[in-house]
Amino acid sequence: MDFKNLIAHCKEYGFIFPSSEIYDGLSAVYDYGPYGVELKNNIKDYWWKSMVQMHENIVGIDAAIFMHPKTWKASGHVDAFNDPLVDNKDSKKRYRADQLIEGYVEKIEAKNLKDIEKARARFGDAFDEAHFRATNDRIIERQKQIDTVLDRLAQAMKAGDMEELKAMVDEYEIVCPESGSRNWTEVRQFNLMFSTQLGNIAGEEGKLYLRPETAQGIFVNFLNVQKSTRQKIPFGIAQIGKAFRNEIVARQFIFRTREFEQMEMQFFIRPGTEMEWYHYWKEARLKWHKALGTDPAKLRFHDHVNLAHYANAAVDIEFEFPFGFRELEGIHSRTDFDLSQHQELSGKKIQYFDPELNESYVPYVVETSIGCDRMFLAMISDAIREETVPDAEGQDSVRTVMKLHPVLAPVKAAVLPLLKNKEELTKAAMDVFDKLKLSFICQYDEKDAIGRRYRRQDAIGTPYCITIDFETLENNTVTIRERDSLEQKRVHISEVKQHIQDGIAMEQLFV
Ligand code: GAP
């Protein structure tokens, strides 16, 4: 399914709505609907349990969004959390200069891809892309150009050299996609933190920031948590919560928004052991993704070349979204940067006494950080598909189905009386529903023909449909239709709950 239809499906079936839609929406802000909130909660639950419940040495917290403003000075966000901003004077549109330059590179690469496709069509099965790239003069020339531009961009970004970025925009004759003009302002640093004002203090002193990452709530609570839980290093602190970034360009649905949720875990370790733990968490996190049955070809690692101000190693787990491979999760070796900075700015000692070494030190940190909304988008884009399947009469029909892992599915089971106007059936179905609703999210649906009701459940990813028919009245059995295989099993009513519970149990993801 293409991306536009995926977004339309999310709205039509109550997963995601544009925010304040009656006022024409607010750019890049979204609300989660009845099925969206269930799916999102299930994602969070899986993450939380895999971190906190499954590790005796990881505990959770829920820190406030507002933090003392010095937090952000210490973390480097006041000085270094910037994107290079440029305005087009004609369209009045804002862009990130680095993204404009990347767009220029993509256009060169697109020319290469076009030549490659032409050659592939000409040579057929005998075509060897790697050989063609290495020997074709035009491709070699363009690749050199790409490497030069990317190298220049990386250096300018690292040095924070705004003049160089402006020079590149001018030199490569980059035009505004909206106005088509090259009438650009200077490139300047734009801080991504949203700020607001404390009620009882005027001026700069009362300036507060909405946290741009949840991690800092963990760092400033390091000693509180360690002392109150008597954890010994290595140990971790996990948190799920909202983060805010005033992204210059927010786009691609819920992929990049200005308000989003993060699931972060900081793992505190002995200095010198960071590479060992970095590799451990890299593999552990990939395993977490794969356990959901996500197509492994859609997941890959991407090592960072340009490291954030706090990191000495960093890797992304990328997912192949409908618009290409993009970052889904980051694993960062953050050294002792944050704790040392907080120690310095607060004037409070933030150290751990290691009884085995008989010495105190500022712990090092490996963090895993994943956006909940991005994980949501990854899961629905991997799950949704259109399939031709036999309908109730055995004729081919097309269904839209969300093949979400049953653990993540918003509704676990739908209870459907075969006919609406037969009281014996609706009553028996209601009895089943009332029993099951104590254990998991179920739906009762009696409207429309049974085939249409199955399709509605397929469209929201319900793994099990339980049909109550005339045989139920005779022998207390029901049919359970399985979403993916379409298999229908007859099961005694007393076994229905267990049957579903086995299918949706989170334990299966942890083994
Ligand atoms: N504490 C480290 C940190 O915040 P990051 O790579 O900037 O690192 C971590 O963000 C994750 O948060 C990303 O991998 C992504 O999933 C999510 N994320 C970041 N910015 C986002 C945005 N504007 N919208 C949605 N998700 C975002």
Grab the two heavy atoms, one from Asp373 and one from Glu261, that are nearest each other, plus how far apart they are.
OD1-N, 2.8 Å
Please confirm whether the backbone N or O of Asn224 pairs with a side-chain atom of Asn221, one donor and one acceptor, at under 3.5 Å?
no
Is any NZ, NE, NH1 or NH2 atom of the basic residue among Glu387 and Arg399 found under 4.0 Å from an Asp or Glu carboxylate oxygen of the other?
yes
Within 45° of the ring axis of Phe325 and under 6.0 Å from its six-membered ring centre, is that where the NZ or CZ of Arg300 lies?
yes
Under the criterion salt bridge (Lys or Arg N to Asp or Glu O under 4.0 Å), which of Arg456, Arg452, Arg453 is the partner of Asp445?
Arg456
Could you check whether any side-chain N or O of Gln216 sits under 3.5 Å from a backbone N or O of Thr71, counting only pairs where one atom can act as donor and the other as acceptor?
no
Count the heavy atoms of every other residue, nucleotide or ligand shown that sit under 6.0 Å from NZ of Lys497, and state whether that count exceeds 12.
no
Pair Gln457-Gln443, side chain to side chain contact (heavy atoms under 4.5 Å, CB included): steps then yes or no
CA-CA 9 Å; Gln457 297 301 330; Gln443 264 191 359; 2.8 Å; yes
Not counting sequence neighbours, which residues clear salt bridge (charged side-chain N to carboxylate O under 4.0 Å, His left out) with Lys282? List them please.
none
Please answer whether the main-chain N or O of Leu85 pairs with a side-chain N or O of Arg94 as donor and acceptor at a distance below 3.5 Å.
no
Could you check Tyr454 against Thr467 for side chain to side chain contact (heavy atoms under 4.5 Å, CB included), going step by step and ending with a plain yes or no?
CA-CA 10 Å; Tyr454 284 155; Thr467 305; 3.0 Å; yes
Give the ring-plane orientation class for Trp277 versus Tyr280, where under 30° counts as parallel, over 60° as perpendicular and anything between as tilted.
perpendicular
Using the ring of Phe244 (Phe, Tyr or Trp, six-membered ring only), decide whether Arg211 places NZ or CZ under 6.0 Å from its centre and within 45 degrees of its axis.
no
May I ask you to decide if the ring planes of Phe123 and Phe127 are parallel, tilted or perpendicular, using 30° and 60° as cut-offs?
parallel
Name of the residue among Arg481, Lys403, Arg385 meeting salt bridge (Lys or Arg N to Asp or Glu O under 4.0 Å) with Asp458:
Arg481
On the six-membered ring of Tyr32, is Lys40 placed so that its NZ or CZ lies under 6.0 angstrom from the centre and within 45° of the ring axis?
yes
Answer yes or no: does atom NZ of Lys242 have more than 12 heavy-atom neighbours from other residues, nucleotides or ligands under 6.0 Å?
yes
Side chain to side chain, Arg334 and Gln266, heavy atoms closer than 4.5 Å
yes
What residue among Thr400, Leu404, Val401 forms side-chain contact (heavy atoms from CB on, under 4.5 Å) with Ile384?
Thr400
Which pairs, with at least one residue in residues 49-69 and sequence neighbours excluded, count as a salt bridge (Lys or Arg N to Asp or Glu O under 4.0 Å)?
Asp45-Lys49
Are Tyr30 and Phe253, when compared by the centres of their aromatic rings, separated by less than 6.0 Å?
yes
